Amino acid sequence: GMLIRLDAARYEPFFWQESIELKEEEIRELELLGTSAVRCAGSLTHAEPDYLLHADLSYELTVACNRCLNPVQQAVESTLDLVLVERSRKREATEEEQLEAQELGLVEVEGGSFESRPRVVEQVELSLPMKPLCREDCQGLCPQCGQDLNEGRCGCVRERVDPRWAALAMLKEPRNGGAASGN
């Protein structure tokens with residue numbers, strides 16, 4: 001990621017472009033199968049006394065289908081909008097103010113410069129698909145044998161048990177050995 005100095009935008013907007021590769025451990029943490037580099041095009045504008053950061057991000061993610069676990073590729077376009085506040089001129093914020101600041105997209109910057117990378121990785125995390133599907137009518141996996149049901153049925157007998165009765169059925173089944181097995 002780039003180290004961007006706030007004063008680069010003091011008199012006119014500062015524009016930058018970069019490409020950010022996610023590290024192996026970040027990809028694992030986000031439970032991704034893979035991702036392309038994140039292409040960023042951003043601008044930093046001075047809006048006295050703070051700075052406005054805007055960036056357009058585009059990248060491709062490979063995630064596991066929520067039902068059959070097969071890889072699904074998704075193209076993502078997202079935008080990042082933050083208000084950067086210089087720490088030097090701001091007193092220590094209360095916990096409530098910090099929460100409010102986060103909700104408004106306010107970020108405190110120390111030392112007059114900030115690194116773009118952590119913000120971009122955070123944005124990738126925020127725009128992850130909740131329940132990605134390889135296709136709308138994905139059949140998923142057989143709960144008994146694990147066969148991918150999109151590729152055809154398996155030989156498992158599926159009894160249609162109302163889930164509300166399933167727990168009761170478990171109680172009725174005799175335990176191994178029944179009552180005869182004593183000491």
Side-chain angles (χ1 to χ4, degrees), residues 1-2 17-42 53-82 95-96 98-107 114-183:
M2 281 176 63
Q17 280 192 330
E18 64 179 318
S19 184
I20 292 177
E21 297 274 355
L22 266 67
K23 298 177 187 147
E24 286 283 321
E25 61 266 25
E26 288 167 331
I27 292 173
R28 264 202 311 275
E29 246 168 64
L30 298 178
E31 296 180 8
L32 295 170
L33 300 181
T35 176
S36 71
V38 181
R39 294 173 297 286
C40 313
L53 172 76
H54 172 85
D56 292 307
L57 314 179
S58 65
Y59 49 97
E60 287 84 43
L61 293 178
T62 307
V63 291
C65 171
N66 195 43
R67 292 183 194 153
C68 70
L69 307 181
N70 280 321
V72 183
Q73 287 190 307
Q74 293 194 329
V76 183
E77 307 275 328
S78 73
T79 56
L80 177 60
D81 285 294
L82 297 171
E95 207 170 316
E96 198 174 321
Q98 283 175 344
L99 282 172
E100 204 174 295
Q102 277 176 337
E103 279 174 30
L104 295 171
L106 294 179
V107 174
F114 73 98
E115 204 186 334
S116 57
R117 193 176 194 292
R119 302 286 157 216
V120 168
V121 173
E122 186 179 57
Q123 187 58 31
V124 170
E125 182 174 7
L126 290 173
S127 53
L128 286 178
M130 286 304 282
K131 295 196 174 201
L133 294 177
C134 59
R135 58 181 212 224
E136 277 305 311
D137 63 344
C138 173
Q139 299 298 301
L141 303 175
C142 168
Q144 280 143 305
C145 72
Q147 153 93 19
D148 185 341
L149 300 176
N150 296 310
E151 291 169 12
R153 316 256 0 112
C154 55
C156 296
V157 179
R158 272 202 256 336
E159 292 177 41
R160 274 263 159 251
V161 178
D162 185 319
R164 290 167 296 187
W165 297 113
L168 204 56
M170 295 287 286
L171 292 175
K172 281 192 356 199
E173 284 191 16
R175 297 264 190 301
N176 280 350
S181 67
N183 335 326

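Quick caveat: nothing in here was measured; it's all calculated off a predicted structure.
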Check ion pair E60-R39 (N to O, under 4.0 angstrom):
yes
For the residue pair C65 and C134, what are the closest heavy atoms and their distance?
SG-N, 3.4 Å
CA sep, side-chain torsions, deciding dist, call: T79, H54, side chain to side chain contact (heavy atoms under 4.5 Å, CB included):
CA-CA 7 Å; T79 56; H54 172 85; 4.2 Å; yes
State, yes or no, whether a side-chain contact exists between C154 and L149 at a heavy-atom distance under 4.5 Å.
yes
Return the CG to SG distance between N66 and C138, rounded to the nearest 0.5 Å.
9.0 Å
When rounded to the nearest 0.5 Å, the distance separating CD of Q144 from SG of C142 is 5.0 Å
Nearest non-hydrogen partners of Q147 and G152, listed with the distance:
NE2-O, 3.1 Å
Just jot down the side-chain contact (heavy atoms from CB on, under 4.5 Å) partners of L32, sequence neighbours excluded, or say none.
I27, L30, T35, L61, V63, L128
Do side-chain atoms of Q139 reach the backbone of D137 as a donor and acceptor pair under 3.5 angstrom?
yes
Decide if atom CD of Q73 counts as having more than 12 heavy atoms of other residues, nucleotides or ligands within a radius under 6.0 Å.
no
With sequence neighbours excluded, tell me which residues meet side-chain contact (heavy atoms from CB on, under 4.5 Å) with P71.
L33, T62
Decide whether N150 and R135 meet the rule of one side-chain donor and one side-chain acceptor closer than 3.5 Å.
yes
Verdict with supporting geometry, R119 and V107, side chain to side chain contact (heavy atoms under 4.5 Å, CB included)
CA-CA 10 Å; R119 302 286 157 216; V107 174; 3.2 Å; yes
Does the side chain of K23 come within less than 4.5 Å of R117's, by heavy atoms?
yes
What pair of heavy atoms forms the shortest contact from C68 to D148, and how long is it?
CB-OD1, 4.1 Å
Does E25 pair with R28 as a salt bridge, N-O distance under 4.0 Å?
no
Are more than 12 heavy atoms, taken from residues, nucleotides or ligands other than Q17, located less than 6.0 Å from that residue's CD atom?
no
Could you tell me which residues satisfy side-chain contact (heavy atoms from CB on, under 4.5 Å) with L57, sequence neighbours excluded, listed by chain and number?
V38, C40, A55, Y59, S78, V120, Q123
